[in-house]
Amino acid sequence: MGTALKLPIIDLSSPEKLSTSRLIRQACLDHGFFYLTNHGVSEEMIEGVLMESKKLFSLPLDEKMVMARRGSRGYSPLYDEKHESSATSKGDSKEMFTFGSSEGVLGQLYPNEWPLEELLPLWRQTMECYYKTVMDIVGKKLLGLVALSLNLEENFFEQVGAFNDQAAVVRLLRYPGELNSSGEETCGASAHSDFGMITLLATDGVAGLQVCRDKDREPKVWEDVAGIKGTFVVNIGDLMERWTNGLFRSTMHRVVSVGKERYSTQTVL
């Protein structure tokens, strides 16, 4: 494991929008990562999502493969994804399930793959409720503060259509956590930066997330990011880097195996 990185904590409930936006700006300039607290999504809801996620990943592989990813949505088995083309491993040691809004153009082009109700009766309801809550309560408010941090109007991202196609997705992740017997570092998710504007991460508290604040530096320096109960870990994605002309840079990160199973959920805006 790397050295521990102390990230800024941003209070989404603060009425002082301008001072909060300045804190976000500094966090994006310094780290590209920060914690988001008092965000309005209950711990019970997040725990419910992680519990239903565990139920899905515990199904036999043939039942999960019925929901295999078509386009950008559905189930992805272990080693299906590989972020680093130069990595010697056969793929990332993780299972993943991706879903998004059932509405809009993208919802029609790429329909969600849902587990059968008789297998997981609460699954779809839990996930759709989580998606709507994160988007309506957290996503729009946070992007408004990001706009202010860039000296733009608070509703800038809405005005340019950032929410029009409901392109945001939720990715449920399971990392088996096994360590490589040869002593070689094992990655649940190899080094990468995210493709969207921002990502909101909730975890079960198991360690493994690491960031590299200078992605152009060699050799890369990795720092551990601990989970703080009740917070989202937020990071800047490639699209935001493009939109800000490189002012806010997407930060490279990875998940390393720590010998313990790990569950998390990402909302990519």
Side-chain angles (χ1 to χ4, degrees), residues 4-13 24 27 31-58 73 76 92 94-101 120 122-143 145-146 168-177 188-189 192-211 224-237 250-251 253-258 260-269:
L5 177 62
K6 205 166 185 180
L7 294 175
I9 300 176
I10 306 296
D11 185 350
L12 192 62
S13 69
I24 289 174
H31 307 288
F33 269 77
F34 56 89
Y35 295 109
L36 192 68
T37 190
N38 296 324
H39 43 66
V41 182
S42 70
E43 286 186 38
E44 291 76 16
M45 176 173 282
I46 292 172
E47 287 170 1
V49 167
L50 292 173
M51 184 183 302
E52 291 297 318
S53 175
K54 289 180 183 180
K55 291 178 183 177
L56 180 133
F57 288 125
S58 67
R73 303 184 185 192
S76 301
D92 289 349
K94 68 173 184 286
E95 291 181 274
M96 184 171 66
F97 190 95
T98 306
F99 67 91
S101 174
L120 299 171
L122 299 177
W123 208 89
R124 180 172 179 174
Q125 173 188 336
T126 300
M127 299 306 165
E128 288 184 327
C129 183
Y130 180 73
Y131 181 95
K132 188 174 189 330
T133 301
V134 173
M135 289 300 296
D136 291 350
I137 294 181
V138 188
K140 291 180 181 179
K141 187 173 183 180
L142 178 57
L143 282 178
L145 290 168
V146 171
V169 294
V170 172
R171 308 176 91 191
L172 307 172
L173 296 140
R174 172 188 170 264
Y175 303 93
H192 67 286
S193 57
D194 290 347
F195 58 83
M197 293 185 290
I198 56 174
T199 300
L200 298 132
L201 173 73
T203 78
D204 60 0
V206 175
L209 176 63
Q210 296 183 328
V211 304
D224 294 324
V225 174
I228 300 178
K229 193 172 178 63
T231 68
F232 283 117
V233 178
V234 180
N235 66 276
I236 294 299
S250 58
T251 302
H253 54 285
R254 66 182 184 179
V255 177
V256 295
S257 298
V258 295
K260 190 175 180 181
E261 194 175 42
R262 182 180 194 267
Y263 290 88
S264 65
T265 171
Q266 296 177 336
T267 304
V268 184
L269 304 178

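Values reported hereafter were calculated over all heavy atoms of this structure, with side chains retained and with hydrogens, waters and symmetry mates removed.
For Glu47, the CD atom is densely surrounded, since the number of other residues' heavy atoms within 6.0 Å is greater than 12.
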List, one per line, each side-chain donor-acceptor pair under 3.5 Å for residues 48-55, sequence neighbours excluded.
from  : atom 1 : to    : atom 2 : distance (Å)
Glu52 : OE2    : Lys55 : NZ     : 3.1

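The shortest side-chain heavy-atom distance between Leu56 and Leu120 falls under the 4.5 Å cut-off. In this structure, the side chains of Leu201 and Ser264 come closer than 4.5 Å at one or more pairs of heavy atoms. For the pair Lys94 and Tyr175, the minimum side-chain heavy-atom distance is below 4.5 Å. The side-chain heavy atoms of Met127 and Val170, taken from C-beta on, include no pair separated by under 4.5 Å. With contacts defined as side-chain heavy-atom distances shorter than 4.5 Å, the pair Val225/Tyr35 qualifies. When side chains are defined from C-beta on, Thr203 does not count as touching Leu209, because their heavy atoms never get closer than 4.5 Å. In this structure, Thr267 and Tyr131 have side chains that are not in contact, with every pair of non-hydrogen atoms separated by 4.5 Å or more. Between Tyr130 and Ile46, some side-chain heavy-atom pair lies under the 4.5 Å cut-off.
Shown here for Phe97 and Phe57, the closest heavy-atom pair between the two residues is N-CZ, 3.9 Å. When all heavy atoms are compared, the tightest approach of Pro8 to Ala27 is CG-CB, 3.8 Å. The shortest non-hydrogen separation linking Thr37 to Ile9 is CG2-CG2, 3.8 Å. When all heavy atoms of Val234 and Ile198 are compared, the closest pair comes out as CG1-CB, 4.5 Å.
A side-chain donor-acceptor contact under 3.5 Å links Arg262 to the backbone of Val206.
Checked against side chain to side chain contact (heavy atoms under 4.5 Å, CB included), Lys6 has no partners two or more places apart in sequence or in another chain. Applying the ring-ring contact (aromatic ring centres under 6.0 Å, His included) rule to His39 yields the partners Phe232; only residues at least two apart in sequence or on another chain are considered.
The distance from atom CG of Leu269 to atom CG of Asp194, rounded to the nearest 0.5 Å, is 11.0 Å.
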